Amino acid sequence: MELNYEFMADTFFKLFHALPVTLSITFVALLAATPIAFLLALARIKKIKYLQLPIKLYISLVRGVPMIVQILVIYSLLPSLLNYLFKELNISYNIFDLNTIWYAYIIFTLSTCAMLTEVFRSALQSIDRGQLEAGYSVGMSTWRIYLRIIIPQALVVALPSLCNITVSIIKNTSLVFMMAVKDITAVGKIAASYGYNYIEAYIDVFVVYIIICSVVQILFNVLEKSFGRFRQRVLSN
Amino acid sequence: MLKVTNIKKAFKDNKVLKGVDIEVNKGDVVVILGVSGSGKTTLLRCINFLEKADSGQLDFDEQHIDYAKVTDKEINAIRKKTAFVFQNYNLFNNKTALENVTEGLIYGRNVPQSEAVSLAKKALDKVGLSERYDYYPSQLSGGQQQRVGIARAIAIEPEVILFDEPTSALDPELIGEVLGVIKKLAEEGKTMVIVTHEMQFAKEVATHAIFMDDGVIVEQGKPEKIFTNPEEERTRKFLRRILPESEYII
């Protein structure tokens, strides 16, 4: 067996052209899901009556269905649904012209939001209630205490889980080729199909994911060190 | 100055306070004694609304509050006049010693930043932590953490400081430094209400002693009297258990 190294090198750099697609899905999912997940987590902690059951259902739905099935269901359902809705409302926009990456944004935001809700909830609950009381005792308002005391500490607790979630989103974006979105995996597959260089292309894809995910993990380690300074027992300055 | 009348509080079916009255005047050091579960901590927490009492009245200076229908505005007004020192310190873990003190000044009382810093330094100096401004709670010993807790309380210049078993979580060798700070505050004439199990200390600092049991005040009065010649059998039993025989009957 002989590998086509020239093809491998070419493809390797070609894959990086698809990097923005993979990263944009990841970032959009994280950025859009974070505020919503935070509010849902607060609703869970404050035990707001009519939101408990819907939130729990939503979370177990996302947890219980494989990503690829979520993609298939929403990608086959949503466009037709929107098309029907637009017709009813006399909107002349043709939904089938829409770039399919938007569906990827929606699907990944929905699933990320469910995961983040649980992470934020457990992180916020891990901060001792005594600090809230201490804040009250010196006259601070609830939102001030949350903003300045509770949330900064909860975020540090949540960082390892956030790293896991980010890496898992990046890996899951490899499934968007099912929706004809040209991410890293899709570009690799297409390149391979011209001359049947599947092994070379897949090795390239393999390496690119490892590089991206390693960078993400290093970034999170740095974040945890710098934001978690208050947890270190010895001063480091 | 501060007067609580007929305060009642229950956690579900468990009646913790069954109608308690206390009065604190300016300069008083009121010590509340009693076994665990007698309601003394709950009483203290109800004074600044960390716990919401079911019924009763609170009079603070000219302000009159009915516990059954207290508003957020009234709660804030009381919290501005009081400070609380917790059993478990409850320091803000993501803030340095100095920030722990300035936080309440800046964000609780709208003191300008620079003034807050100088007030906080003064408070920390007073509790003997002038070398520890930039240390995080995780880098301080229990005694030092509690002293930051006391600095946080005195910096806001409250009319009353409430101490909830300030030394109960400390190792025996660290208790002294914290009690020393509280004694100093007593000598300065600060008004304080202290829940404690440290009998010797209580005897030394108190101007008024209260003995609680089972949600009511059993006996109160001058500390000399309560400690040496209590009238009630329950007080005697409690003291006999805690103090060595020779100490309580002179």
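Just so it is clear: chains get the letters A, B, ... in the order the sequence lines come, proteins before strands, and each one is counted from 1. This one's a predicted model, so the numbers in the text were calculated from it and none came from an experiment.
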Look at the rings of A:Phe16 and A:Phe13 and say which category their plane angle falls in: under 30° parallel, 30 to 60° tilted, over 60° perpendicular.
tilted
Leading residue by heavy atom contact count with chain B [cutoff under 4.5 Å; candidates A:Arg144, A:Arg129, A:Gln131]
A:Gln131
With under 30° as parallel and over 60° as perpendicular, where do the rings of B:Phe49 and B:Tyr67 fit, or are they tilted in between?
tilted
Return yes if a side-chain donor-acceptor contact under 3.5 Å exists between B:Tyr133 and B:Asp125, otherwise no.
yes
Select all residues of residues 78-101 of chain B having any heavy atom within less than 4.5 Å of some heavy atom of chain A, and report them by number, or 'none'.
B:Arg79, B:Thr82, B:Ala83, B:Phe84, B:Phe86, B:Asn90, B:Leu91, B:Phe92, B:Asn93, B:Asn94, B:Lys95
Quick check: under 4.5 Å, non-hydrogen atoms only, which of residues 147-173 of chain B neighbour chain A?
B:Arg152, B:Ile156
Face-on cation placement of A:Lys189 at A:Phe177 ring, 6.0 Å and 45° thresholds:
yes
A:Leu42 and A:Leu124, any side-chain heavy atoms less than 4.5 Å apart
yes
Check whether NZ of the Lys or CZ of the Arg B:Lys9 lies under 6.0 Å from the centre of the six-membered ring of B:Phe11 and within 45 degrees of that ring's axis.
yes
Would you say the side chains of B:Asp59 and B:His64 form a donor-acceptor pair under 3.5 Å?
yes
Among A:Ile184, A:Asp183, A:Thr22, find the one that has a side chain to side chain contact (heavy atoms under 4.5 Å, CB included) with A:Leu15.
A:Ile184
Can a donor-acceptor pair be found, under 3.5 Å and without considering hydrogens, that links the side chain of B:Gln57 to the backbone of B:Asp66?
no
Salt bridge between B:Glu188 and B:Lys126, side-chain N to carboxylate O under 4.0 Å?
yes
